[in-house]
S.K.: 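Take this structure, written in structure tokens, and hold onto it; I'll ask about it next.
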Amino acid sequence: SIHDRPAAPVSSETVDGRMLAASVPAGGQGWFFKSSGVEAAVVGQVEKFESLLRTLKIAGGKPVWKTPAGWTEQGGSGMRAATFVIGDPAKKLECSVIALPNDDPASDEYILPNVNRWRGQLGLAKQTFEEMKASADFKQFDLEDATTITWVNLSGKVPAPSGGGASTASRPSSESGSSAAGPSLPPG
């Protein structure tokens with residue numbers, strides 16, 4: 001994800017992309033699980049991402065999980081509580097886990113701006129609360145302890161991979177080019 005790496009040269013070239021992102025309230029923090037990249041790489045991880053979320057248990061105010069097959073868990077560094085390397089490390093597909101303090105990380109008032117931030121990172125328009133809840137991309141379920149997990153499966157545009165290895169036809173995008181450079185941290 002953008003906020004975890006040094007800034008790369010900004011390219012206006014985009015390709016079809018996908019983002020899987022979740023918000024998990026635990027211990028007075030919002031825990032964020034996020035994987036994004038080229039559509040072809042991320043779309044095959046939807047079931048494993050959801051299975052990761054469904055294994056969550058809250059223990060000592062933190063989520064505890066079972067790592068999906070084919071994913072390798074690495075320790076945390078910087079803002080990351082953990083990083084999962086997905087599949088071949090050379091393909092650089094990851095799922096980050098970041099925790100940020102918040103008084104009410106389960107509230108819709110916390111979830112909506114985060115979903116809209118993720119949408120913006122894919123060049124998608126913001127949604128209202130009602131549109132978010134009605135969207136097929138928006139999903140929620142409860143853990144056994146009644147913790148509500150919120151997650152999204154969004155399709156949009158992502159910057160073309162460096163090295164010009166994009167095999168998908170793409171066009172410069174002036175209307176959404178600024179979204180990738182926007183704030184990468186959730187509000188609060």
S.K.: When you compare the side chains of Glu94 and Thr83, does any donor N or O come within less than 3.5 Å of an acceptor on the partner?
M.R.: no
S.K.: Could you pull out the closest heavy-atom pair between Asp16 and Val158, with the gap in Å?
M.R.: O-CG2, 4.3 Å
S.K.: Going by ring-ring contact (aromatic ring centres under 6.0 Å, His included), name the residues that satisfy it together with Phe33, two or more places apart in sequence or in a different chain.
M.R.: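 In terms of ring-ring contact (aromatic ring centres under 6.0 Å, His included), with neighbours along the sequence ignored, Phe33 is linked to Trp65.
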S.K.: Which heavy atom of Ile111 sits nearest a heavy atom of Pro105, and at what distance?
M.R.: CG1-O, 4.3 Å
S.K.: Who pairs with Ser107 by side-chain hydrogen bond (donor to acceptor under 3.5 Å, both in side chains), at least two apart in sequence or on another chain?
M.R.: none
S.K.: Name all residues meeting the side-chain hydrogen bond (donor to acceptor under 3.5 Å, both in side chains) criterion together with Ser35; count only those two or more places apart in sequence or in a different chain, and write none if there are none.
M.R.: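 Here no residue qualifies.
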S.K.: Got a sec, which hydrophobics cluster with Val43, joining ILVMFWY side chains under 4.5 Å apart, including via others?
M.R.: none
S.K.: Would you please name every residue forming a side-chain contact (heavy atoms from CB on, under 4.5 Å) with Ser77, sequence neighbours left out?
M.R.: none
S.K.: Residues in ring-ring contact (aromatic ring centres under 6.0 Å, His included) with Trp31, at least two apart?
M.R.: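 Trp31 satisfies ring-ring contact (aromatic ring centres under 6.0 Å, His included) with no residue once adjacent residues are dropped.
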S.K.: Where is the tightest heavy-atom contact between Lys34 and Phe49, given as atom of each residue plus distance?
M.R.: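 Answer, listing the atom of Lys34 first, then Phe49: N-CE1, 4.4 Å.
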S.K.: What pairs meet the salt bridge (Lys or Arg N to Asp or Glu O under 4.0 Å) rule with one or both residues in residues 47-61, with sequence neighbours excluded?
M.R.: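 Salt bridge (Lys or Arg N to Asp or Glu O under 4.0 Å) check on residues 47-61 returns Glu50-Arg54.
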S.K.: By side-chain contact (heavy atoms from CB on, under 4.5 Å), which residues pair with Leu112, not counting sequence neighbours?
M.R.: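 For Leu112, the residues satisfying side-chain contact (heavy atoms from CB on, under 4.5 Å) (neighbours in sequence not counted) are Asn116, Phe129, Met132.
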S.K.: Looking at residues at least two apart in the chain, or sitting in another chain, which of them share a salt bridge (charged side-chain N to carboxylate O under 4.0 Å, His left out) with Glu39?
M.R.: Arg18
S.K.: Quick test of your reading: applying salt bridge (Lys or Arg N to Asp or Glu O under 4.0 Å), list the pairs with at least one residue in residues 133-155, sequence neighbours left out, ordered by first then second residue.
M.R.: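 Found Asp108-Lys133.
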S.K.: Would you name the heavy atoms of Thr55 and Lys66 that are closest together and state the gap between them?
M.R.: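 Distance-wise, the nearest heavy atoms are OG1-N, 3.0 Å.
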S.K.: Please give me the minimum heavy-atom distance between Val15 and Pro159, naming the atom from each residue.
M.R.: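 Where Val15 meets Pro159 most closely, the heavy atoms are CG2-O, 4.2 Å.
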S.K.: Could you list the residues that satisfy side-chain hydrogen bond (donor to acceptor under 3.5 Å, both in side chains) with Gln45, not counting sequence neighbours?
M.R.: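 With neighbours one apart ignored, the set is Trp71.
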S.K.: Grab the two heavy atoms, one from Thr147 and one from Pro25, that are nearest each other, plus how far apart they are.
M.R.: CG2-O, 3.5 Å
S.K.: Is there a side chain to side chain contact (heavy atoms under 4.5 Å, CB included) between Val85 and Leu93 once you walk through the steps?
M.R.: CA-CA 6 Å; Val85 175; Leu93 185 60; over 6 Å; no
S.K.: For Glu73 and Thr67, does a side-chain donor sit closer than 3.5 Å to a side-chain acceptor?
M.R.: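 Thr67 and Glu73 do have a side-chain donor-acceptor pair below 3.5 Å.
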S.K.: Apply side-chain contact (heavy atoms from CB on, under 4.5 Å) to Ala40 and list each qualifying residue two or more places apart in sequence or on a separate chain.
M.R.: none
